[in-house]
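Take a look at the structure set out below.
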Protein chains: 2
Amino acid sequence: MKNYKIIIQYDGTRRNGWQKQGNTQNTIQRILENALSEILGETITVNGAGRTDLGVHAKGQTGNFKTKSALPKEEILIKLSDTLPNDIAVTEITEADDRFHARLNAKEKRYVYRVWNSPVVNVFERKYSCRIKEPLDVEKMRAAASLLVGTHDFRGYSSLGKRFKKSTVRTITSLDIKVNGNEIDFCFSGDGFLYNMVRIITGTLIEVGEGKRSPESVEIPLESLNRADAGVLMPPHGLCLEEVLY
Amino acid sequence: MKNYKIIIQYDGTRRNGWQKQGNTQNTIQRILENALSEILGETITVNGAGRTDLGVHAKGQTGNFKTKSALPKEEILIKLSDTLPNDIAVTEITEADDRFHARLNAKEKRYVYRVWNSPVVNVFERKYSCRIKEPLDVEKMRAAASLLVGTHDFRGYSSLGKRFKKSTVRTITSLDIKVNGNEIDFCFSGDGFLYNMVRIITGTLIEVGEGKRSPESVEIPLESLNRADAGVLMPPHGLCLEEVLY
């Protein structure tokens with residue numbers, strides 16, 4: 001039995017998110033498992049590091065699967081490339097320790113939320129960034145972002161509702177706002193993110209950048225733990241899971 | 001009467017090329033003219049510098065149009081952004097000399113043909129580059145490319161068939177092959193390009209890179225003027241009109 005670690009890239013536009021659920025065939029996990037099962041001749045289960053939502057993209061989703069097959073890993077990679085639809089790709093495959101689990105062993109995840117800040121559309125980035133027409137105050141957003149770095153209870157910054165059985169304390173190790181022309185990238189690194197957390201934090205920072213709230217106000221949800229004190233949920237297509245570190 | 005110069009960006013994937021023709025509503029020119037006519041309240045005709053084919057993209061297509069409207073150009077730009085479908089954008093508008101004509105006055109055009117040279121798909125570039133699985137010999141392709149730079153009769157490198165009423169002599173001022181990771185960009189600059197010329201030259205250079213023909217063999221169609229001596233026509237989606245110089 002071999003345990004393989006894989007890096008997965010996908011354009012989430014036409015897919016119903018990572019995780020298989022009920023009868024939906026249109027999730028990345030299901031499509032990938034079907035392809036691997038066909039290639040390896042046995043039923044394959046893939047563990048994914050991050051359960052990205054409907055419409056969210058990934059450049060560095062990481063997964064693992066176990067197989068009895070002796071097919072060389074280079075062959076698996078080529079066959080996956082020939083089998084998967086062209087909006088999903090496995091870009092790397094390496095043999096991992098038998099105990100390696102892509103989700104349970106993840107130490108840090110990196111997400112980027114991309115904003116195209118211009119009244120004029122960028123047609124080539126339209127599916128991978130969210131357009132904000134009015135100019136954003138980047139320095140104010142940076143001041144606000146710095147208040148969110150560290151270990152906090154982020155329940156107020158999630159769409160969990162009453163569904164929090166486990167701890168909602170997470171550590172954001174860095175939250176950098178990078179500007180490249182009209183593109184503003186909100187770069188998150190942390191030990192894990194609650195449901196919708198990256199998209200709600202970005203929405204809150206954008207409200208700061210628009211002058212709708214003060215930079216200091218982003219601390220309120222950390223105290224109140226109340227979703228209503230945070231900003232809007234940004235649409236999924238600006239979000240990308242960039243990398244998972246172990 | 002004002003004469004405006006505009007820069008146009010489009011994702012050609014779902015469109016039938018630049019030029020309006022017959023009853024086809026799905027060309028960039030037609031869609032742009034309809035939007036401008038609606039905004040300016042009069043029938044507008046747009047001259048485009050390059051007649052890009054079905055499926056070809058543009059970052060720097062250039063056009064001009066005349067209007068009696070006194071609407072400020074900044075307003076026209078914003079209204080275009082609100083009116084055009086999201087795969088077409090006008091990114092710049094400037095007032096031009098009354099005699100300026102986007103096609104007739106173009107001095108140089110720059111096209112890039114993008115190749116993704118890897119057995120593994122790049123899902124984010126799949127609509128904007130053509131994938132070649134086997135590794136290409138870049139040095140051989142560069143040697144071949146250098147033989148095409150200069151002023152030649154490129155009839156053998158076009159799909160004109162018998163339709164050449166005018167001169168088929170063109171000048172390629174540079175043809176650089178740039179490598180960035182797995183991406184190979186074929187960067188063309190010239191005073192003009194015949195029908196399908198960039199895609200056929202790229203196809204011929206790729207055959208050199210695959211070892212199917214010698215670098216020197218790319219000179220044969222320049223002498224024979226015979227399309228059959230050149231290589232394959234590459235698919236449109238790797239091609240992008242980057243810039244037009246005046």
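Throughout, protein chains are lettered first and strands after them, A, B, ... in sequence-line order, and every chain is numbered starting at 1.
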- Between B/F124 and A/Y10, which heavy-atom pair has the shortest distance, and what is it?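 Heavy atoms of B/F124 and A/Y10 come nearest at CZ-O, 3.2 Å.
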- Message: Nearest 0.5 angstrom please: B/E125 CD to A/D11 CG, how far?
- Response: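 B/E125 atom CD to A/D11 atom CG measures 11.0 Å (nearest 0.5 Å).
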- Residues of residues 68-94 of chain B within contact distance of chain A, non-hydrogen under 4.5 Å: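 B/L77, B/I78, B/S81, B/D82, B/N86, B/D87, B/I88, B/A89, B/V90, B/T91 fall under the 4.5 Å cut-off.
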Does a sphere of radius 6.0 Å around [atom1] in [X] hold more than 12 heavy atoms from other residues, nucleotides or ligands, not counting ones at 6.0 Å or beyond?
| X | atom1 | value |
| --- | --- | --- |
| B/Q25 | CD | yes |
| A/D97 | CG | yes |
| B/K140 | NZ | no |

